[in-house]
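Heads up, the thing below is written out as structure tokens.
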Amino acid sequence: MKKFTRWKSFDFGPETSVDEKKSSPKRKRTRTMIIPQSTADLAVHSKKIQEIEGWIKFALNSKEKKHTQFLLITGPTGCGKSTTILTICKSINVKVIEWINPVDIDYELLKGPGQIAKFLEFFIESKYNSLFDETNVQKILLVKDFPNVFVKKNDEFFNILEESYYRATYPVIFVCSDCSSNDLNLQRLLFPDEIQAKYSISNICFNYCAPTLLKKALKRAQDIIAQSELFKGPSSDTIEAIIATSMGDLRSAMNQIYIASLKDAKSLHIDISTSEKQGLKKKRVEKKLTIKSMIKDESLGLFHGLGRVLNPKMRNHGNTYRINCDIQKLVAEFSIQPNKFHSFLFENYLKYFGDLDDTQEASDTLSFATLILTNWDNIQSCTISLWIQILGLMISNRHKESKWTQITGPKKIDKVCCDGDRDNIHPTDRFYYNILTKTRKYHTFNFVT
Amino acid sequence: MSMLWVDKYRPKDFSMLDYHIQQSQELKNLVEHSDFPHLLIYGPSGAGKKTRIMCILKELFGPGVERLKMDNVTVVTPSNKKVEIVTVNSNYHIEINPSDVGIYDRVIIMDLIKNIAQTQHITTNNNTRDFKVVVLTEADNLTVDAQHALRRTMEKYSSNCRLILCATSLSPVIPAIQSRCLLIRVPAPSTKEIATILQTTCKKEDVSLPLSFAEELAKVCNGNLRRALLMCEACKVENNSFQDYKTIPQPDWRVFITKLADFIIQKQSIQNIVRIREQLYELLTNGIPPEVIFRNLVEALVLKCNEAVIPFLVQEAAIYEYRMTQGNKHIIHLEAFVIKAMCLFRNKSNTQ
């Protein structure tokens, strides 16, 4: 019994306790078997696999290319970015050398080489083959673990890119996880658009793992697990619940299935509608909590968030209504780019309102929110403005118009400029100018209803 | 193309100005010596701010300022975006409208003006002054960021660079800028003054303008001399004589806004809001200033609507106009006001 409780932490490091060593071969086998063996096992869209495979082949075969090929792979955590690369490389017999952040070693008197120096070395000196390698094996470099220095000094990273652009011999793949926090967004920090253009870095973007693919992957895992006598296959209800809670995160789903299939977790049963309370046994409440702790933070895309605000879900609470939505989370999600969210809301809110008075309230809160947003001096006032607009729109939408409507992007006001538009003619006087010169150089207004 | 009357008869130095004679004399005395502060010239449009600025420049540097050339200047923002701006400059001054580049005006202020201000002016003859003049038009459209940037530039380079700011309204200009400048208000000319100027101009063109029509034009133009001249010339072009002056052409955008107001009063529904938003966008993209739209809209609504609603309407207009001057997304406040007005009208018609 006791040894199983340790597994929850999923420590993949070397085993230390003697007790564990006995069971470790079995456990290892199950885990390694779950790792996809071929590209067919991947829970990634086949087009995406083709895309990456195509890139790798192209990068390896372009010998006459003067510079190093870079690829940047982005996507949410746990959607199988690295696994895809490793599996593809395995299938086409390419060796992957991965960069792992080294520990700084200081010698007695001197300081050892820093991470930056080592990082550069990794790119440039990996051309020296290991003695144990078979010859004629093509190699590819994988960087997933960016040295922390680069968060503060991204120009150091650019220098290294510059250096390795000409000197590194193997193609390099960078893997970047999406991140909702602004400070730690490596993709934005290390790979801004101009850098991507300068070093012709190709970019392949992964999406959340689709539920059908997730289901397929879990099915496969279930089959493998069923062969082992240490585990029992989890029920289909459990799988369903796992798919629902993992939010497209394959790794989290796998971890959950691992726990769910432990033999003594017999009564592990998850209600999908978690808010419903039935006469619960004490034991069940506990199980629920463990699953709860596994639930990934739900992250919303822009459109998802807009949908939440524009189509508010209400629930009865006595005589009044309550908004069925975690507004706090919504605000936190969009606090990075309140302006964008605001313009999207403004562009689209009209379509979701069914009553003029409601619309009036909504437009008033939007206008008020803009006032705060434009006169911001710190991040707090942005948050306040977001609160005002989100709550205002949700509360005032009493007569909801619920039909499908397309969300349109905010309109940019580009002032129309005519060539030679420097005649010192104020826009309000252009009408006379048109009359006087008998041309239609400037726009004429025509009211059509 | 022949020159427009407006440009042809624009006064070129202080002696040619027709009104605010006292003020012109004061300005002339002010710039006589090189020792004068930065200037902030403000007043309604068409009152002659720009004309006075040109007069000041002429007084300072002589006829050389009239040799103008246009330049395209490119400035790179910190985010590596290239921003282009058109400047009008002579050897002695440079005129820019930083609000042309929208939110990047701060970069223009910081880079371009600093550049000009840092370059020492080489004196070629005794006549020239040892400073350059930077004319910033539409200073009231500058973002707050840009204004703060301007504040530091103003202090630092005041020895070899003078700024002349030109604004329609003083309220969006931050107090820090106001206190660093000498404020000069150019009020709109009176209807009588406009009528006289119209008549003298027509005399120069060898057209006879009846006094009654001149007064009519002066009344309609709302204190905007430039518009009065344009109207006058437009009338002349349309029917060659001023005898039957029944219709003075209204600017098309004004007619547009009046129709918009009718539309609001007639029918209040959400579909209409969507349509009105498009119309407002059309006005804004074609450069009609949002303040002008707002003002004309309210005026048109007040003329047409039920008497009982007027106090509420004006009150709401005050609230939203204030918000509009504070923020930079004008369309949001305009629309909020339109919807509010719609609600007022609908509630009124329901109670009757």
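So that the names make sense, note that chain A is the first sequence line, chain B the second, and so on, each numbered from 1. Please read all numbers here as calculations on a predicted model, not as lab measurements.
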### Query
Just wondering, more than 12 heavy atoms not from B:Arg295 lying within 6.0 Å of its CZ?
no
### Task
Might you confirm whether atom NZ of B:Lys82 has over 12 heavy atoms from other residues, nucleotides or ligands at distances under 6.0 Å?
no
### Message
Please classify the contact of B:Leu283 with chain A as side chain, backbone, both or neither, using a heavy-atom distance under 4.5 Å.
### Response
both
#### Entry: Side-chain touch B:Val274/A:Lys351, heavy atoms, less than 4.5 angstrom
no
### Close side-chain approach of A:Leu371 to B:Lys329, heavy-atom, < 4.5 Å
no
### Which portion of B:Arg254 sits near chain A, non-hydrogen atoms under 4.5 angstrom
neither
### Task
Check B:Cys343 against A:Leu356 and note the closest heavy-atom contact, atom names and distance.
SG-O, 3.8 Å
### Task
Determine which residues belonging to residues 360-370 of chain A lie within contact range of chain B, meaning some heavy atom pair is under 4.5 Å apart, and list them by number or answer 'none'.
A:Gln360, A:Ser363, A:Asp364, A:Leu366, A:Ser367, A:Phe368, A:Thr370
### Query
Checking heavy atoms, do the side chain of B:Leu260, its backbone, both or neither come under 4.5 Å from chain A?
both
### Message
Rounded to the nearest 0.5 Å, what separates atom CD in B:Gln268 from atom CG in A:Asp357?
### Response
11.0 Å
### Side chain / backbone / both / neither for B:Tyr320 at chain A, heavy atoms under 4.5 Å
side chain
### Query
What residues form a side chain to side chain donor-acceptor pair (under 3.5 Å) with B:Ser90, not counting sequence neighbours?
B:His93
### Message
Could you check whether any side-chain heavy atom of B:Glu335 comes within less than 4.5 Å of a side-chain heavy atom of A:Phe346, counting everything from C-beta outward?
### Response
yes
### B:Lys304 NZ: over 12 foreign heavy atoms closer than 6.0 Å
yes
### Message
Using the side chain to side chain donor-acceptor pair (under 3.5 Å) criterion, which residues pair with B:Asp105? Sequence neighbours excluded.
### Response
B:Thr143
### Message
For chain A, which candidate among B:His333, B:Arg323, B:Gln271 shows the most heavy-atom pairs at distances under 4.5 Å?
### Response
B:Arg323
### Contacts of B:Asp252 that satisfy side chain to side chain donor-acceptor pair (under 3.5 Å) - sequence neighbours left out
none
### Query
If you take all heavy atoms of A:Leu350 and B:Ile273, which pair is closest and at what distance?
CD1-CG2, 3.6 Å
